[in-house]
Amino acid sequence: MRFLSTRRRHPLAGIIVVLFALTAMGGLYSLLGPRPASADAGQSDLVKQGQQLFLVGCATCHGLAAQGVLSNGSQSNYGPSLVGVGAAAVDFQVGTGRMPAAQVDTQIPRKRPTYTDAEIQALAAYVASLGPGPAIPDAKYTDISGLSAADVSRGGAFFRTNCTACHNSVGAGGALPDGRYAPAIRGDEGRYIYEAMLTGPQQMPVFSDDVITPQDKQAIIAYINSVQSQPSYGGSALGGIGPVSEGLAAWVFGIGALVLVTVWIAAHGARAERKE
Amino acid sequence: MSGLKRVDGTGDSEGPLPNPGLSEHLPRPTDVDPALERRAERQVAGMFGLATLLILGFCVAYFAIPGDTLGKYTVLGFDAMNFTLGMTLGVALLLIGFGAIQWAKKLMDDHEIVELRHSSASSPEDRKVALEELSAGATESGIGRRPLIRNSLIGALGVLGFPAVVLLADLGPLPGNAPSTTVWKKGMRVVNDVSGTPIKPSEIELGQLINAEPIVLVPTGDPKTDQQLGVLEGTEQLTAKAKAAVILVRMRPDEIHAPAGRENWDVDGILCYSKICTHVGCPISLYEQQTHHVLCPCHQSTFDLANGGEVLFGPAARPLPQLQLGVDGDGYLIAVDDFQVTVGPSYPQMD
């Protein structure tokens, strides 16, 4: 201690004390101070990797912390906040290629996915770490192999009550106001159908697991699969979109044939040289 | 008509242009060439003959192709039974028709015939005789001289109209207030359609849509419980369902602009509206969760659920009726009362 007391008036003493105090404060702060909102400390590699992908590919519209970006005088979202949308929403939006969107539009169309499955998993893990939200559904509810005809029939009842209004009775899709549309649900993976019901992408309403249970959703997926894999023994289904295509075919080909026959009936046939 | 006086081809015309009359009749090749005539004859007979074979083929195919094998045998992707029956009978009918037309065009006599139009009145002699007989009948019966008989007969025939009116009562009892009421009443639970499960507000997410029914319209599968709940069945159930079906949606409470007097009709942003369009009664549930609009697929009427169900577009004349929601002791959503306005298509005598 004598060493300290004899040198206390040394020209460098003040600087050393200040440095010591700063180091102590910094160390204390790092131990006790508030932490960033995301679970930085125990962040897994997957979440980190997802964050890197997010900052490169998604942050332009959704913000650096996925908090969303307002536009048009805060009236609308350029990209909505992703806090609490859950892994299911990411898996659906990125897995079906809707995100990243090419441009802000009336409706973001389905396209070929930009990210690989592993990257989607990382992005989903990152967004899921931001706040509680629906998780990617358990594979046992998206696998329809073990379902009976009774389950398919039950799924049909749910489908007709909840889905056909927009998606058509065989899932062929349909029009909505202002250029929007309910997409066709042909050939979609059961997981994406489930996630769409769970998260309500774009204008689609949410069908929560508490109301339409996982078993009900599984039956709905089975019904869609069943109704679309039925062969069309009556000939072409003309897209399954109902009176529009059927009416057009009847008018063009049916009435067209009638017109041709009528023209034939009334035609003034060949005449011989006058020689009766 | 002072213009074209005659149409029989004699060319006597008073119009601005001379009546060209009928064009000169020229014979057809089949009229002058016996070989062509025989050929046409063979064509017609051939079509009728082929039709006969096809009809017999239909009868054979009906029994030859097993009836319970839908999709087992196919022709060009069509079911074999449908394809064969349709093609044989359809083509046979077509051939009979085509044969008849070919017959008429090639072989039947083709001289143009003009038939002049005549007045449809009877001849003056006939009319005179009829009137004479009528007045003779009136004189002989003395209907003019005996007003007592005449008037009593008119009375009897007049009263004969009453039974026809009275029998209309058999069409059923008067509807009373049935058109303007539904099965909803105070305290009735709102349940998910199809599954029939009651709903708690905490189970509904923001942006959710639920197609729901009153609990009395969804059988539970257990006859005892159904009886206890007063679940309706058969025609009664379908009739009630046509008016009582509802949709539940949840939005942020600050997005709701409730009309005056309906400020507390929601439960934490959960709103309940009739599912029956007020135009002609189509069931509607094309709900867009971001705009809160619901669209009717029949005639594109659009309703704003955030704004009391007001009509934004289309032929509907009234807002979508709203049902006031509450929560019962067990925490499930219930109706506070029946609809306050008539549900379904508008009609002249309503309200």
Side-chain angles (χ1 to χ4, degrees), chain A residues 76-77 80 84 133-134 154-168 174-178 180 182 198-213 215-216 219 230-236 242 257 261 264-276, chain B residues 24-33 36 70-71 74 76-83 94 97-98 101 104-106 110 192-195 197 199-200 202-212 245 247-250 283-291 293-295 297 300 302 312-313:
Chain A
S76 60
N77 277 317
R154 194 169 55 93
F158 278 107
F159 186 83
R160 284 187 294 276
T161 303
N162 294 291
C163 318
T164 49
C166 303
H167 288 289
N168 162 308
L176 293 174
D178 299 328
R180 294 182 291 267
L198 192 60
T199 61
Q202 303 193 42
Q203 291 292 351
M204 176 165 165
V206 178
F207 297 91
S208 68
D209 275 351
D210 289 321
V211 179
I212 307 286
T213 64
Q215 289 83 358
D216 297 341
Q230 280 169 3
S232 184
Y233 298 128
S236 170
V261 171
W264 174 55
I265 292 172
H268 201 63
R271 293 288 140 175
E273 295 296 312
R274 192 180 166 84
K275 186 188 146 193
E276 204 161 7
Chain B
E24 189 186 8
H25 180 259
L26 292 171
R28 297 161 298 188
T30 44
D31 292 332
V32 294
D33 185 344
L36 285 176
L70 181 68
T74 55
L76 305 169
F78 299 92
D79 176 63
M81 173 75 110
N82 287 349
F83 183 81
L94 205 62
F98 281 1
I101 296 166
K105 284 177 70 84
K106 300 285 183 190
D110 76 333
N192 188 25
D193 200 351
V194 185
S195 67
T197 44
I199 304 159
K200 284 182 174 163
S202 59
E203 297 170 343
I204 309 180
E205 310 263 341
L206 270 183
Q208 178 137 6
L209 166 74
I210 298 177
N211 291 282
I247 46 177
L248 295 180
V249 295
R250 184 166 206 166
I284 51 177
S285 58
L286 281 87
Y287 176 64
E288 295 189 314
Q289 65 137 317
Q290 290 175 18
T291 58
H293 296 171
V294 65
L295 170 79
Q300 284 70 50
T302 311
L312 293 173
F313 179 80

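In what follows, chains are A, B, ... by sequence order, proteins preceding strands, each numbered from 1.
By the side chain to side chain contact (heavy atoms under 4.5 Å, CB included) test, B/Glu205 is found to be paired with A/Val206, A/Ser208, B/Gln208, residues two or more places apart in sequence or in another chain being considered. When the salt bridge (Lys or Arg N to Asp or Glu O under 4.0 Å) test is applied to B/Asp110, the partners found at least two apart in sequence or on another chain are A/Arg271, B/Arg28.
Proximity to chain A (any heavy atom under 4.5 Å) is shown, for B/Thr291, by both the backbone and the side chain. Residue A/Arg160: no heavy atom, backbone or side chain, is found under 4.5 Å from chain B. B/Phe98 touches chain A through backbone and side chain together, each having a heavy atom under 4.5 Å away. Heavy atoms of B/Asp193 lying under 4.5 Å from chain A belong to its backbone as well as its side chain. Contact annotation for B/Leu286: both backbone and side-chain heavy atoms come within less than 4.5 Å of a heavy atom of chain A. With a threshold of 4.5 angstrom between heavy atoms, B/Ile247 does not approach chain A through any atom at all.
In plain terms, the two heavy atoms of B/Val194 and A/Ala157 that are nearest each other are CG2-O, 3.6 Å. Across all non-hydrogen atoms, the minimal contact from A/Ala270 to B/Pro29 is O-CD, 3.1 Å.
B/Ser195 has its side chain within reach of A/Phe158: a pair of non-hydrogen atoms, C-beta onward, lies under 4.5 Å apart. For the pair A/Pro177/B/Glu288, a side-chain contact is recorded, criterion being any heavy-atom separation below 4.5 Å from C-beta on.
Annotation: maximal heavy-atom pairing with chain A below 4.5 Å, among B/Ile199, B/Ile210, B/Thr197, occurs at B/Ile210. Top candidate by heavy-atom pairs under 4.5 Å with chain A, chosen from B/Leu295, B/Asn211, B/Val249, B/Thr302, is B/Asn211.
Here the side chain of B/Lys105 pairs a donor or acceptor atom with the backbone of A/Ala267 at under 3.5 angstrom.
To the nearest 0.5 angstrom, A/Met204 atom CE is 13.5 Å from B/Tyr287 atom OH. Here the CD1 atom belonging to B/Ile204 is positioned 9.5 Å from the CG atom belonging to A/Asp210, to the nearest 0.5 angstrom.
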